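Below is one structure, written out as structure tokens; the observations come after it.
Residue numbers start at 1 and run along the sequence shown. Just so it is clear, the values below take in all heavy atoms, side chains as well, and ignore hydrogens, waters and symmetry mates. Quantities reported herein were computed from a predicted structural model and do not represent experimental measurements.
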Amino acid sequence: MEITSYKTRKAISSRLKQVNNNLELEETDEHCEVEKILKHRTRNKTLQYLVKWVGSEEQTWEPEYHFDTTEIINDYWLSINQPKPNAVL
């Protein structure tokens, strides 16, 4: 089985940094490669995908808007033989 990877913005790219004894949220626009989408869920009316990252054991939940392309999302829905929901109510 050949692994096709896709790039996406990684939600974990938001990090805390210490500045003058205060913690601030630092936003980065880091791009990482998706190895595979493992499953999906709905949180706060948003469809999220559990992503396995290339070169990492880390798995994170990502909303669709974090992906640079929807191709891997479409491939995921085909692989589980379910239609992709049009909208989450």
Side-chain angles (χ1 to χ4, degrees):
M1 177 182 194
E2 182 179 327
I3 295 175
T4 305
S5 63
Y6 300 87
K7 292 184 179 179
T8 185
R9 280 174 285 173
K10 196 171 181 183
I12 270 203
S13 63
S14 296
R15 295 191 175 91
L16 289 174
K17 67 176 184 175
Q18 189 168 0
V19 177
N20 296 330
N21 295 325
N22 294 319
L23 291 178
E24 295 180 5
L25 190 61
E26 176 185 58
E27 294 290 331
T28 61
D29 194 21
E30 178 182 350
H31 283 71
C32 299
E33 289 185 70
V34 175
E35 182 175 316
K36 184 177 182 177
I37 294 176
L38 305 172
K39 58 185 173 178
H40 65 279
R41 70 179 183 187
T42 302
R43 290 290 187 268
N44 299 321
K45 299 182 182 180
T46 301
L47 190 59
Q48 298 178 338
Y49 299 94
L50 183 60
V51 174
K52 166 74 173 91
W53 300 101
V54 171
S56 175
E57 294 300 315
E58 183 176 27
Q59 299 172 2
T60 59
W61 288 100
E62 305 293 336
E64 186 169 345
Y65 63 85
H66 279 186
F67 290 81
D68 290 335
T69 178
T70 58
E71 186 176 351
I72 193 168
I73 293 170
N74 296 334
D75 291 346
Y76 166 75
W77 288 106
L78 287 172
S79 73
I80 63 170
N81 295 319
Q82 291 184 21
K84 179 184 170 197
N86 289 331
V88 179
L89 301 176

Side-chain heavy-atom pair Val51, Phe67 within 4.5 angstrom cut-off: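 With C-beta onward as the side chain, the pair touches.
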Heavy-atom side-chain proximity of Tyr76 to Lys39 below 4.5 angstrom: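 Of all side-chain heavy-atom pairs linking Lys39 with Tyr76, at least one is under 4.5 Å.
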Minimum-distance pair of heavy atoms, taken over all atoms of Pro83 and Trp77: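 Looking at all heavy atoms of both residues, the shortest contact is O-CE3, 3.7 Å.
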Please report the interatomic distance [atom1]([X]) to [atom2]([Y]), rounded to the nearest 0.5 Å.
X     : Y     : atom1 : atom2 : answer
Gln82 : His40 : CD    : NE2   : 5.5 Å
Ile72 : Glu35 : CD1   : CD    : 9.0 Å
Leu78 : Ile73 : CG    : CD1   : 12.5 Å
Trp53 : Glu33 : CH2   : CD    : 10.0 Å
Ile37 : Lys52 : CD1   : NZ    : 13.5 Å
Asn74 : Thr69 : CG    : OG1   : 8.0 Å

Connected via hydrophobic side-chain network under 4.5 Å: Trp61 and Leu38: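 Linked within one cluster.
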